[in-house]
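Treat the numbers as computed from the prediction; the structure is a model and nothing was measured.
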Amino acid sequence: MMYGYGDYWSLMWMMFGIVAFAAYLFALFAVVADLFRDHTLGGVAKALWVIALVFLPLLALLAYLIARGPGMQDRANREAERMWRATDAFLRRMPVAGTPSEEIARAKALRDDGTITEAEFQSLKARALSAPVQASAVDAWAQSTSPEPQS
């Protein structure tokens, strides 16, 4: 079925409307996320912004971006930095896998203290010798976050 001249422009306007609506939703979600990320703004002010975004969406969105837009990137950067530090601190608390000789030395110390039996020591020794050597969680994190060499 062939479309006429009017149908082509209707399709173009519909596509423009869909893109504009998607951009509006993206901006709206960014503003709402920024509202709840900002700890300096009080609860009443946040509630008023949300009410304005519900009842006067485009006007309130533009007003927010004009009035509070410059600080949005700073708040996003602070949040990203906080999340990075939390991840880094978590990975530093992860247990570090040792080399097979370190594992055997720990098992030997436990055997000498009487904590484990000879059979358990032999089992731990066999497991340490058969396991592949793994890097620690911190080493793996450092390798994954190191910048790629420029060529």
Side-chain angles (χ1 to χ4, degrees), residues 3-110 113 115-116 120 123-125 127-151:
Y3 291 102
Y5 183 73
D7 291 336
Y8 174 76
W9 288 110
S10 296
L11 180 65
M12 287 294 120
W13 278 112
M14 184 180 70
M15 288 176 25
F16 174 76
I18 289 171
V19 169
F21 183 69
Y24 165 74
L25 286 179
F26 181 78
L28 183 67
F29 289 141
V31 163
V32 170
D34 184 64
L35 263 175
F36 292 104
R37 182 181 298 130
D38 187 9
H39 299 293
T40 61
L41 195 61
V44 174
K46 288 180 184 182
L48 291 174
W49 275 113
V50 170
I51 289 170
L53 286 168
V54 169
F55 291 109
L56 300 168
L58 191 58
L59 184 63
L61 181 68
L62 292 174
Y64 187 89
L65 290 175
I66 291 169
R68 300 185 46 84
M72 287 177 71
Q73 186 63 44
D74 294 335
R75 288 185 287 278
N77 287 343
R78 281 195 305 269
E79 180 68 15
E81 176 76 16
R82 186 189 68 77
M83 294 295 286
W84 185 86
R85 288 185 190 283
T87 302
D88 191 48
F90 172 76
L91 286 174
R92 291 192 187 281
R93 288 192 311 264
M94 295 296 291
V96 177
T99 63
S101 60
E102 292 171 345
E103 298 274 336
I104 293 170
R106 275 184 266 179
K108 184 177 182 312
L110 289 173
D113 290 341
T115 307
I116 61 174
E120 291 170 323
S123 172
L124 289 173
K125 181 178 169 183
R127 188 177 339 149
L129 291 173
S130 66
V133 177
Q134 297 177 351
S136 70
V138 174
D139 294 337
W141 171 252
Q143 290 173 358
S144 69
T145 58
S146 64
E148 296 294 324
Q150 299 292 327
S151 52

L56 CG to I51 CD1 distance, which is reported to the nearest 0.5 Å: 11.0 Å
By side-chain contact (heavy atoms from CB on, under 4.5 Å) - contacts of K108 (at least two apart): R111, D112, F121
Residue list, side-chain hydrogen bond (donor to acceptor under 3.5 Å, both in side chains) with N77, at least two apart or on another chain: Q73
Non-hydrogen atoms of V31 and L65 that approach each other most closely: CG2-CD2, 3.9 Å
Euclidean distance, R106 CZ relative to E103 CD, rounded to 0.5 Å: 4.5 Å
Distance in Å, M15 CE paired with S10 OG, rounded so as to fall on 0.5 Å steps: 12.5 Å
Salt bridge (Lys or Arg N to Asp or Glu O under 4.0 Å): pairs with one or both residues in residues 25-35, sequence neighbours excluded: D34-R75
Shortest non-hydrogen separation from I116 to A107 and the atoms involved: CD1-O, 3.5 Å
More than 12 heavy atoms of other groups within 6.0 Å of M83 CE: no
For the student: nearest non-hydrogen atoms of A30 and M72, plus distance: O-CE, 3.8 Å
Residues which pass salt bridge (Lys or Arg N to Asp or Glu O under 4.0 Å) with K46, listed by chain and number, not counting sequence neighbours: none
Counterpart residues, salt bridge (Lys or Arg N to Asp or Glu O under 4.0 Å), relative to E79 (two or more places apart): R82
Contact list for residues 20-59, test ring-ring contact (aromatic ring centres under 6.0 Å, His included), sequence neighbours left out: W49-Y64
